[in-house]
Amino acid sequence: MNRSLATTEPKLARPRYEHRGIDFGCDYNPEQWDPAVWREDVALMREVGVSLVAINIFGWSDLQGPDGGIDFSRLDEIIGLLHDADIRVNLGTGTSSPPPWLAARHPEILPMTIDGTLRYPGGRQAWCPSSPVFRRYALDLVEAVAERYGQHPAVALWHVSNELGCHNAHCYCDVSAAAFRRWLRERYGSIAALNRAWGTSFWSQRYTDWDEIGTPRLTPATRNPGQVLDFSRFSSDELLGHYRAELEVIRRHSRVPVTTNFMVTAHIRELDYWTWAPEMDVIANDHYLDHRLADPSSELAFAADLTRGLAGGGPWMLMEHSTGSVNWQPHNLAKAPGQMLRDSLQHVARGADSVCFFQWRASLQGSEKFHSALIPHAGTDSALWREAVDLGAVLERMGEVAGTRVVGDVAMLFSWEAWWATDAENRPSSAISYLDQVWATHRALREAGATVDIVRPGADLAGYRLIVVPGLHLVRDHEAATLDAAVRAGAHALVTFYSGIVDEDDRVRPGGYPGVWRDLLGIRVEEFSPVLPEQEVLLESGTRASLWTERLTATDADVLDRFVGGPAGGLPALTRRRGTDGAGDAWYLATLPDGAGLARIIDQALTAAGAGRAAGARAGVDVIRRVAEDRSYRFIINHGSEDVLLNARGVDLVTGETATGTIRVPMGAVRVIREDAVS
Ligand code: GAL
């Protein structure tokens, strides 16, 4: 039941991005520097081993003036300098942030917020995704850039716009409303079908004409959930439409692969990247540690696994991360010594074949002047620079890892639509958070040494031993059926509360929760009974839990644990329906246990499923393999405060030493052991 090494091939032969070993890259904003600095920069890039440089990301106002004329002289020179130094170019189309003259001439391109106020120029990304005026100017620029550089030998990758939807994903203006109506007509065909899908009989919301429908701006009471959900889908599609439009222009001039940088990260949820991923020539992600979270490094591991899922299990690019602090969180923490290497290799361990940074040289002015960079304000006589030099050397030695794959036998279902539906207004408890459930489950699996593939609902689940479904509130019938089929075929499933409740129209499935999975799980829930945030819930096993209880009957499942006291006192909290005739078991968890409690449940489920576990993995220690046919690379990442002893045989690509038995991985260190055969 080994998960195969085969790549999920894209449907059509399309340009593929060729990694040169593990790329070491960065964003470079030469517009901010005097040309004399450019030469020094390129020399230093070579010194540190930078091999891929993203330019022209925010180049528009530097390239084009109000008369429409485009001056390519500086870009020509920069590309020439990089090319002469054998550094490949990741060329931005330059459209991410329109120049002030465009907004002054066409204020109708500005985006509108949910309360109907405009967002003005002077920051970045002040454009409405549905604006035909913005689109026309942007595509003219793309045409000019692609025509000029489409055949340039330095250009290895096209970088469309930048983090599409980072600040402007939801625009509520009248132009967006008209586009939304077009999208709805396409989806529903008739106003009657729309009324059905949105449940508009409720609160007298029935529409009689498309023109009555607007974007879901702020209302006196809560908004129609179907409208809000569809607006999220529409907004994601609209920005994907922008990507496609730029791609189409580029393709007229170039066969070089094209991508844009995703934001698989804690605080951005507006883009459904499952629908975007198939349209990218290579999946690229930007990731920044978020110190607003309790456990930023677990979120990093999750984001990296999810990005690999978007890449169909194949290699992907870490397009941006930081050498040290960012500048946009309330408290911007520096990285600890060694953390730049550790975090970089955490991404590589989970499938990245590029390690790129924002940005090359720390800005002296502008909003990001206190954002870290490869060259900090202190210059090259700095610990940060020396760590960058070390990282460059390690990545160089790790070239042979490129193209190998991470192979997991545990799958987790993840869905942006479920995220939108779960975190909507008027839910059973405002303390429910989709990501909290997802992260808690991923973390427990990771600490148990499981390698987790994150897949979309409905994906092929063949070959997985355990499939975990944390809080998947919205799921389509046919997507749900793939889980049933996988369990019938022998996989085990672990489903957690608030899953399976609504269909794609956000319509509750009647007859008892968890709706679509009642039979699979052998349970029936009559009523939710969430608890107050500060309240603790106790289970018979001694497990402590919080947030959620529910009134559950085990119709065809063993009860493994029960609530003690509280609103569901004496009722089941953990159940297991035993599979017969070769089927796997289906587990259900009706509350949110604390870390230790969840770890015990995950441990039981992994053991019952016979899923593989990496020896030595635990809280603070990641152990992950990347494999090829004839060799594998075991990444051991020690985030903890104690040294770790492990058995290993092979060459460590980080230190160059050969391991012949027990090795010591000092606290804060990483080892990447090349092992000759897949064991
Ligand atoms: C990203 C963006 C970069 C830079 C970076 C700072 O959102 O793509 O341009 O702003 O964040 O962390």
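Read the numbers this way: they start at 1 and go in the same order the structure lists the ligands and their atoms.
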Tell me, please: is Gln359 in heavy-atom contact with ligand 1, that is, under 4.0 Å? no
Report yes if the distance between the aromatic ring centroids of [X] and [Y] is under 6.0 Å, otherwise no.
X	Y	result
Tyr288	His371	yes
Phe358	His321	no
Phe414	Tyr434	yes

Can you find a side-chain donor-acceptor pair between [X] and [Y] that sits under 3.5 Å?
X	Y	value
Tyr17	Asp23	yes
Glu238	His242	no
Thr275	Trp416	no

With heavy-atom distances below 4.0 Å as the criterion, list the atoms of ligand 1 near [X].
X	result
Phe58	9 (O)
Asn162	2 (C), 8 (O), 9 (O)
Glu320	1 (C), 2 (C), 3 (C), 5 (C), 8 (O), 11 (O)
Glu163	1 (C), 2 (C), 7 (O), 8 (O)
Glu368	4 (C), 5 (C), 6 (C), 10 (O)
Trp328	6 (C), 12 (O)
Arg124	2 (C), 3 (C), 4 (C), 7 (O), 9 (O), 10 (O)

Provide, to 0.1 Å, the distance between atom 5 (C) of ligand 1 and the closest protein heavy atom, together with that atom's residue and name. Tyr288 OH, 3.4 Å
Does this structure show an ion pair linking Arg308 with Asp453, if we count only N-O contacts that are shorter than 4.0 Å? yes
Is the contact between His167 and ligand 1 made by the side chain, the backbone, both, or neither, using heavy atoms and a 4.0 Å cut-off? neither
At under 4.0 Å between heavy atoms, is it the side chain or the backbone of Asp286 that contacts ligand 1, or both, or neither? side chain
Do any nitrogen or oxygen atoms of Asn327 lie less than 3.5 angstrom from nitrogen or oxygen atoms of ligand 1? no
Give yes or no for whether the N/O distance cutoff of 3.5 Å, strictly under, is met between His371 and ligand 1. yes
What one should report as the nearest heavy-atom pair of Lys335 and Leu289 is CE-CD1, 4.2 Å
Parallel, tilted or perpendicular: rings of Tyr243 and Trp276 (30°, 60°): tilted
